[in-house]
Amino acid sequence: MGNKKRLVVLTGAGISAESGISTFRDSDGLWEKHSVEEICTHEALYRNYDMVVQFYNDRFAQLATVEPNAAHLALKTLEDKFDVQIITQNVDNLHERAGSSNIIHLHGELTKVCSMKNENLIVDRNTLPNPLISREDVAPDGGKWRPFIVFFNEAVPMIEPAIELVQTADILLIIGTSLQVYPAASLSMYAPRNAEMFLIDPKPNTAGFNRPINVIAKGASEGMREFLEIQNVKL
Ligand code: APR
């Protein structure tokens, strides 16, 4: 991107909290009244297919009721001054709907499903006769559909491209993640020694950082306003 500095942004559930999407670990570990372990594991998908599929159908349907918030929109605004590259742990489509240009989803996307026979057969839910999948629906390869979500105990295929991006960062901005889930939580280690680092979180967890980090202990929208001021970017 020419002479623009590269701003690499790592986001977590906290950036979507102000849009009304609940975080994972703020409400004593329950995500929409389910324990993460019971609903987000490879084993849960095989043991409780209908429950897991229904849970993600509900999360997908919820997307129609929420909007990107000021923090998502501020990341789009930053594209005027920076080469903004977003790495998100979130499975919502709020970065896309805010207009951000470069987005890597580490943990999958609610808007997509894939075949359980061949997980590289990925389709957008909205191209299906019924975007809310069930065991009766069959993928073209004869497999059952599954949410295109990376569950615990599953590979994180996008972690390599994410690491390569962080290694090119002039600035690394981390927004709204408890940094408790690996490998995403280790990404900051790959930033160049001279990269500036910022963390926006009302309850910042700076335990894992191996260098000084600028902490903005605020919510995402307010914190992004402060970050834009620091970077002399007008909203
Ligand atoms: N603005 C910014 N940050 C916020 C806000 C807010 N309004 N509200 C809460 N937060 C912060 C919390 O302080 C916490 O640090 O957002 C973070 C949310 O942490 P988690 O709920 O653990 O979410 P996340 O870090 O994204 O979880 C990582 O865990 O369950 C898996 O795959 C799932 O992607 C998820 C991963």
Side-chain angles (χ1 to χ4, degrees), residues 9-45 52 55-56 58-60 62-63 66-75 86-96 98 103-112 146-159 162 166 172-189 197-209 213-228:
V9 190
L10 172 63
T11 64
I15 196 171
S16 296
E18 293 162 25
S19 295
I21 297 181
S22 63
T23 59
F24 293 92
R25 293 174 184 82
D26 280 330
S27 44
D28 49 75
L30 285 189
W31 187 31
E32 300 291 347
K33 298 182 282 304
H34 282 80
S35 85
V36 167
E37 292 66 32
E38 156 202 325
I39 200 80
C40 301
T41 63
H42 182 80
E43 295 72 25
L45 176 67
V52 172
F55 181 83
Y56 283 96
D58 294 345
R59 303 280 64 72
F60 166 72
Q62 181 190 24
L63 289 181
V66 298
E67 297 288 329
N69 62 57
H72 296 102
L73 297 172
L75 289 176
I86 295 174
I87 301 165
T88 187
Q89 299 172 85
N90 299 339
V91 294
D92 63 53
N93 60 351
L94 295 180
H95 284 306
E96 286 82 356
I103 305 162
I104 288 182
H105 282 271
L106 286 178
H107 297 160
E109 299 175 67
L110 282 173
T111 56
K112 297 176 180 164
R146 59 162 281 179
F148 182 60
I149 300 290
V150 176
F151 291 131
F152 286 103
N153 311 327
E154 292 186 334
V156 182
M158 296 307 287
I159 194 66
V166 173
L172 179 65
L173 169 60
I174 301 172
I175 312 170
T177 173
S178 62
L179 294 167
Q180 288 177 34
V181 172
Y182 288 82
S186 60
L187 278 171
S188 69
M189 299 296 164
M197 290 175 62
F198 292 81
L199 172 64
I200 297 176
D201 194 309
K203 291 178 286 178
N205 164 17
T206 56
F209 291 101
I213 178 161
N214 303 287
V215 175
I216 301 173
K218 295 179 176 172
S221 296
E222 206 187 332
M224 281 305 293
R225 271 192 292 280
E226 183 171 329
F227 183 77
L228 264 65

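In each ligand, atom 1 is the first atom listed, and ligand 1 is the first ligand listed.
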For Gly176, the ligand 1 atoms whose distance to one of its heavy atoms is below 4.0 Å: 3 (N), 16 (O), 17 (C), 18 (C)
Heavy-atom nearest neighbour in the protein, as seen from atom 13 (O) of ligand 1, with distance rounded to 0.1 Å: Asp201 OD1, 2.6 Å
Any side-chain heavy-atom pair of Ile149 and His107 under 4.5 Å: no
Region of Val181 that comes within reach of ligand 1 [heavy atoms, distance under 4.0 Å]: side chain
Protein residue, atom and distance nearest to atom 32 (O) of ligand 1, heavy-atom basis: His107 ND1, 3.2 Å
Element-labelled atoms of ligand 1 that are located less than 4.0 Å from some non-hydrogen atom of Gly12: 26 (O)
Aromatic Phe55 / basic Arg59 pairing, under 6.0 angstrom, 45° off normal: yes
Glu18 to ligand 1, any heavy atom closer than 4.0 Å: yes
Any Ile159 side-chain heavy atom under 4.5 Å of Leu187 side chain: yes
Shortest reach to atom 22 (O) of ligand 1 by a heavy atom, considering only Gly223, Ser19, Ser178: Ser178
Contact check, side chains of Asp201 and Lys218, non-hydrogen atoms, under 4.5 Å: no
Nearest-option assignment for atom 2 (C) of ligand 1, heavy atoms, candidates Ala220, Ala17, Ala13: Ala220
His105 (side chain) donor-acceptor with Asn90 (main chain) under 3.5 angstrom: yes
Within-4.5 Å side-chain heavy-atom neighbours: Leu10 and Ile175: no
Pair Ser19-Asn69, side-chain donor/acceptor within less than 3.5 Å: yes
Closest protein heavy atom (residue, atom, distance) for atom 35 (C) of ligand 1: Phe24 CE1, 3.4 Å
N or O contact, Gln89 vs ligand 1, cut-off under 3.5 Å: yes
No-hydrogen, no-angle side-chain donor-acceptor test under 3.5 Å, Gln89 and Thr11: no
4.0 Å heavy-atom contact, Cys40 with ligand 1: no
Winner among Ile175, Thr177, Ile15 once heavy atoms are compared against atom 24 (P) of ligand 1: Thr177
Mode of Arg25 contact toward ligand 1 - side chain, backbone, both, neither (heavy atoms, under 4.0 Å): both
Validation row: Pro68, Glu96 side chains within 4.5 angstrom (heavy atoms): no
4.5 Å side-chain heavy-atom contact, Leu94 and Ile21: yes
Distance from atom 9 (C) of ligand 1 to nearest protein heavy atom, with residue and atom: Asp26 OD2, 3.1 Å
Residue and atom name of the nearest protein heavy atom (relative to atom 3 (N) of ligand 1), distance in Å to one decimal: Pro202 CD, 3.3 Å
For atom 6 (C) of ligand 1, closest protein heavy-atom neighbour: Gly14 O, 3.4 Å
Close side-chain approach of Phe209 to Ile174, heavy-atom, < 4.5 Å: yes
Under 4.0 Å to a heavy atom of Phe152 - the qualifying atoms of ligand 1, by number: 30 (O), 31 (C)
